[in-house]
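Comments concern the structure below.
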Amino acid sequence: MRALLTMGLVATLAAGAVLAQGPPGAAPAVPTVVKVGDMAPDFSLQGTDGKTHKLSDYRGKQAVVIAWFPKAFTQGCTIECKSLAENGDKIKQYDVAYFMASTDNIEENTKFAKATSVTLQGRGGGAATVVDKKEADFPMLADPTKEVATKYGVLMANGQFANRWTFYIDKTGKVVAIATVVNPATSAEDMITKLAELKVAKKG
């Protein structure tokens, strides 16, 4: 019985590590459902700004970036949100609509977007750490039915959480880049670099 409990604890900790960081040393995943050059699947998802966002509404108007993340209030996702929120002024220099998206419900994502301080539990009984962040100045999208995550092929093997993958979609609705290795701490800088590389127009 003790062995089973120990195995369960190890499995739980391992799952937490995946949510926080992704598997260490794992080879980059290769998207097989939506690939570069494909038309991005349309979606209609609730955002933390109180609006419903449809990809089709941006077609012909703006480039779109969707940064999928595993779960609100976990380590890597908090750090990624912090990076994007603190560098919004730089991202907004580009003519782009950008979102974080997860399979959390809208209530959880709204709390996460508005949080200015997140307490992260230490692994293996270690001390908790507090991450201070700005309130998100961009919408977070909620996909609790996992319908859109399934269309994009971002669900982890457990079928519950999205991989930390970022999709870059041009004005025509075509996927022009997919980042499957995302460093949460530099996610904003990396997004800005990619927008420049893709020659996304800057606002006048």
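Checking Val176, Val200, Leu198 one by one against Asp170, the side chain to side chain contact (heavy atoms under 4.5 Å, CB included) holds for a single residue, Val176. Exactly one of Val34, Leu55, Val96 qualifies for a side chain to side chain contact (heavy atoms under 4.5 Å, CB included) with Ile169. That residue is Leu55.
In summary, Lys71 and Asp104 engage in a salt bridge, as defined by a charged side-chain N under 4.0 Å from a carboxylate O. Under the 4.0 Å criterion applied to side-chain N and carboxylate O atoms, Glu86 and Lys82 are assigned as salt-bridge partners. In this structure, Glu80 pairs ionically with Arg164, as a charged nitrogen and a carboxylate oxygen lie closer than 4.0 Å.
Interatomic distance, NZ of Lys134 versus OG of Ser83, reported as 11.5 Å (0.5 Å rounding). Considering CZ of Phe161 and NZ of Lys146, their distance stands at 8.0 Å, rounded to 0.5 Å. Between Cys77 atom SG and Phe112 atom CZ the span is 6.0 Å, to the nearest 0.5 Å. Note: Glu189 CD to Asn183 CG = 9.0 Å, rounded to the nearest 0.5 Å. One finds the CG atom of Asp190 at 9.5 Å from the NZ atom of Lys194 (value rounded to the nearest 0.5 Å). Remark: Leu45 CG to Ser102 OG distance equals 10.0 Å, nearest 0.5 Å.
Following chains of ILVMFWY side-chain contacts shorter than 4.5 Å, one cannot reach Phe43 starting from Met39, and the two form parts of different hydrophobic clusters. Met100 and Trp165 are assigned to two separate hydrophobic clusters, defined by single-linkage of ILVMFWY side chains at heavy-atom distances under 4.5 Å. One hydrophobic cluster holds both Val64 and Phe167 under the rule that ILVMFWY side chains link at heavy-atom gaps under 4.5 Å. By the criterion of side-chain heavy atoms lying less than 4.5 angstrom apart, applied directly or through intervening Ile, Leu, Val, Met, Phe, Trp or Tyr residues, Ile192 is not grouped with Ile79; the two fall into different hydrophobic clusters. The same ILVMFWY cluster, assembled from side-chain heavy atoms under 4.5 Å apart, contains both Val36 and Ile66.
Annotation: side chain of Pro139 is in contact with side chain of His53 (closest heavy-atom distance under 4.5 Å). Annotation: side chain of Phe69 is in contact with side chain of Asn109 (closest heavy-atom distance under 4.5 Å). Side-chain contact between Leu84 and Met191: present, with at least one pair of heavy atoms (C-beta onward) separated by less than 4.5 Å. Val33 places none of its side-chain heavy atoms less than 4.5 Å from the side chain of Thr150.
With no hydrogens or angles considered, no side-chain donor-acceptor pair links Asn163 and Thr180 at under 3.5 Å.
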* Run the numbers on Ser117 and Lys133 for side chain to side chain contact (heavy atoms under 4.5 Å, CB included), then give the verdict. => CA-CA 6 Å; Ser117 180; Lys133 73 174 188 67; over 6 Å; no

* To do: Mind running side chain to side chain contact (heavy atoms under 4.5 Å, CB included) on Ile91 and Val65 for me, showing each step along the way?
  => CA-CA 11 Å; Ile91 301 171; Val65 179; over 6 Å; no

* To do: Evaluate the side chain to side chain contact (heavy atoms under 4.5 Å, CB included) criterion for residues Asp132 and Thr116: first the C-alpha distance (whole Å), next the side-chain angles of each, then the deciding distance (0.1 Å), finally the verdict.
  => CA-CA 6 Å; Asp132 293 322; Thr116 54; over 6 Å; no

* Go through the steps to decide whether Leu141 and Gln46 satisfy the test side chain to side chain contact (heavy atoms under 4.5 Å, CB included), and finish with yes or no. => CA-CA 6 Å; Leu141 305 179; Gln46 278 188 288; over 6 Å; no

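Around the CD atom of Glu135, the shell of radius 6.0 Å holds more than 12 heavy atoms that belong to other residues, nucleotides or ligands. Within 6.0 Å of atom NZ in Lys203, more than 12 heavy atoms from other residues, nucleotides or ligands are found, so the atom counts as buried in its surroundings. Remark: Lys92 NZ is packed, more than 12 non-hydrogen atoms of other residues, nucleotides or ligands lying under 6.0 Å away.
Contact record, Arg59 with Ala40: NH2-O, 4.3 Å, taken as the closest heavy-atom pair. In terms of heavy-atom proximity, Pro41 sits nearest to Lys151 at CG-O, 3.8 Å. Ile106 approaches Thr48 most closely through the heavy-atom pair CD1-N, 3.9 Å.
Put simply, the side chain of Asn105 gets close to the backbone of Glu108: a donor and an acceptor are under 3.5 Å apart. Judged by distance alone, with hydrogens and angles left aside, the side-chain atoms of Asp42 form a donor-acceptor pair with the main-chain N or O of Ser56 at under 3.5 Å. Listed for the Asp38 side chain is a donor-acceptor partner under 3.5 Å among the backbone atoms of Lys35. Asp143 contributes a side-chain N or O that, together with a main-chain N or O of Ala149, makes up a donor-acceptor pair within less than 3.5 Å.
Sorted pairs that involve residues 176-204 and meet ring-ring contact (aromatic ring centres under 6.0 Å, His included), not counting sequence neighbours, are lacking altogether. Here ring-ring contact (aromatic ring centres under 6.0 Å, His included) pairs that include residues 113-150, with residues two or more places apart or in two chains, are Tyr98-Phe138.
For the pair Lys202 and Tyr94, the cation sits on the ring face: its NZ or CZ lies under 6.0 Å from the ring centre, inside 45° of the axis.
Ring geometry for Phe99 versus Tyr58: interplanar angle over 60°, hence perpendicular rather than tilted (30 to 60°). Between Tyr152 and Trp68, the ring planes lie tilted relative to each other; the angle falls in the 30° to 60° range.
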